[in-house]
Amino acid sequence: MRVLVIGGGAREHALAWKLAQSPRCERLYCAPGNWGTKGVAENLPVAAHDVDGLLAAAVDRRIDLTVVGPEESLARGVVDRFRERGLAIVGPTRAGAQIESSKWWAKEIMRETGVPTGRAARFTESAVALDYLGRRETTFPAVIKADGLAAGKGVVVARDREAAVAAVRDFMEEGTLGTPVRTLLVEEFLEGREVSVLALTDGETVLPLLPACDYKRVGDGDRGPNTGGMGAYAPTSLLDAAATRRIATQILVPVVKRMARKGAPFSGILYAGLVLTAFGPKVIEFNARAGDPETEVILPLLRGDLLDALVALTQRRLRDVALDWEPGAAVGVVLASGGYPGPYEAGLPVAGLDAVDQDAIVFHAGTRAGEGAGR
Ligand code: AMP
Ligand code: GLY
């Protein structure tokens with residue numbers, strides 16, 4: 001088979017690395033990929049958001065199966081366009097991807113299905129949101145969430161009323177996310193450990209992967225500002241196989257069924273971000289794609305053939321697939337340029353990769369070969 005992975009991050013490198021191990025994988029491409037994916041695939045110079053370019057590349061290279069990494073490609077309708085052309089692709093349509101791109105829509109689905117989640121109120125005017133924050137029944141900490149894709153920057157956990165007011169003003173009045181946020185949620189803060197449960201689904205069957213924990217704050221000891229993720233491990237003792245299964249049957253299956261009934265069917269990788277509260281697991285968010293950096297620690301533990309499973313997914317045959325896992329665990333640590341997640345220097349050489357331990361796998365994100373590049 002001829003396979004294309006869309007994206008250029010470490011998640012996509014991990015997907016490509018795993019797909020390349022399948023005996024059925026004859027040719028593997030990444031668009032745009034990175035310096036690391038070159039080791040397992042051919043990189044195509046097409047950006048992950050360039051839907052026309054991706055479609056042209058897939059037709060030109062006679063791709064049999066495409067796997068989408070980033071949410072942005074989904075939100076731009078890459079799956080809709082590929083399906084219109086009769087091309088097999090792993091991921092939800094734009095309608096299905098709303099489960100991630102609209103937090104309020106996701107809340108409605110959870111309300112309709114009785115899936116446990118934090119209480120939330122929705123606002124379209126800052127004055128009304130600020131009034132709500134001033135009420136006695138509003139408790140703190142509270143979580144202020146912009147309703148839309150914001151690359152992880154649209155969420156503020158506000159310790160007190162003052163911080164919540166500042167976040168609402170920043171989002172809705174100052175437009176600190178780029179443009180002023182039109183719809184915003186104020187959500188109950190959920191206390192407990194966070195776990196990510198990712199699952200393959202063809203819209204009917206839901207196959208959970210190993211549960212993982214990811215660490216978003218930049219500093220040691222889980223301190224400092226939030227990032228796109230500094231590390232992860234899988235599996236986690238916080239959820240055993242039976243508990244993971246329950247999350248699939250009690251949370252993911254009802255959501256997938258409800259989405260189909262609402263005319264926004266979901267197939268692809270569905271990711272539930274959960275907090276294990278004293279009252280049981282509650283959902284803080286859904287993502288319409290594989291997690292990053294979770295994917296980098298989950299896939300090395302998968303024993304079987306990922307390509308087989310993804311082909312079955314696109315053919316709605318996931319009920320015939322069983323996933324098998326290596327014993328043990330995987331831990332991932334992200335190395336980033338100094339200053340991240342604030343302003344940081346790009347284009348610096350990466351050195352020392354030849355010195356990593358034999359058991360370690362190095363997944364690249366956004367690297368390229370260039371003048372003065374390290375090894
Ligand atoms: P998100 O962008 O939705 O993944 O949120 C970013 C981070 O904010 C999450 O990983 C949590 O650590 C935190 N968070 C979001 N919602 C809540 C909530 N309701 N209660 C506690 N923490 C939350
Ligand atoms: N690990 C968080 C995410 O992929 O959104």
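First listed ligand is number 1; within each ligand, the first listed atom is number 1.
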query: Does Arg289 have a heavy atom less than 4.0 Å from any atom of ligand 2?
result: yes
- prompt: So how far is it from Arg24 CZ to Met1 CE, rounded to the nearest 0.5 Å?
  reply: 5.5 Å
query: Does ligand 1 have an atom that lies less than 4.0 angstrom from a heavy atom of Val275?
result: no
message: What's the separation between atom CG in Leu274 and atom CD in Glu194, rounded to the nearest 0.5 Å?
response: 9.0 Å
- prompt: Do Glu294 and ligand 2 have an N or O pair less than 3.5 Å apart?
  reply: yes
- request: Taking only heavy atoms of Lys216 into account, list the atoms of ligand 1 that are under 4.0 Å away from them.
  value: 10 (O)
- prompt: Taking atom 17 (C) of ligand 1 as the point of reference, which of Leu190, Ile144, Ile284, Thr117 owns the nearest heavy atom?
  reply: Ile284
field: Ser22 and Asp308: side chain donor to acceptor below 3.5 Å
entry: no
- prompt: Side-chain donor-acceptor pair under 3.5 Å between Ser196 and Glu294, yes or no?
  reply: yes
query: With side chains defined as the heavy atoms from C-beta onward, is the minimum distance between His49 and Ile6 less than 4.5 Å?
result: no
message: Any nitrogen or oxygen of Asp292 lying under 3.5 Å from a nitrogen or oxygen in ligand 2? Just yes or no.
response: yes
query: Out of Glu188, Glu194, Arg217, whose heavy atom sits nearest atom 11 (C) of ligand 1?
result: Glu194
message: Measuring from non-hydrogen atoms of Glu191 to any atom of ligand 1, is the shortest distance under 4.0 Å?
response: no
task: Would you mind checking which non-hydrogen protein atom is closest to atom 2 (C) of ligand 2, with the distance to 0.1 Å?
output: Tyr271 OH, 3.2 Å
field: Lys282 heavy atom under 4.0 Å from ligand 1
entry: no
query: Would you say the side chain of Leu44 lies within less than 4.5 Å of the side chain of Cys30, judging by non-hydrogen atoms?
result: no
message: If you take the nearest heavy atom of each of Glu100, Lys103, Glu187, Lys145, which one is closest to atom 19 (N) of ligand 1?
response: Glu187
- prompt: To the nearest 0.5 Å, how far apart are CG in Leu307 and CG in Leu313?
  reply: 11.5 Å
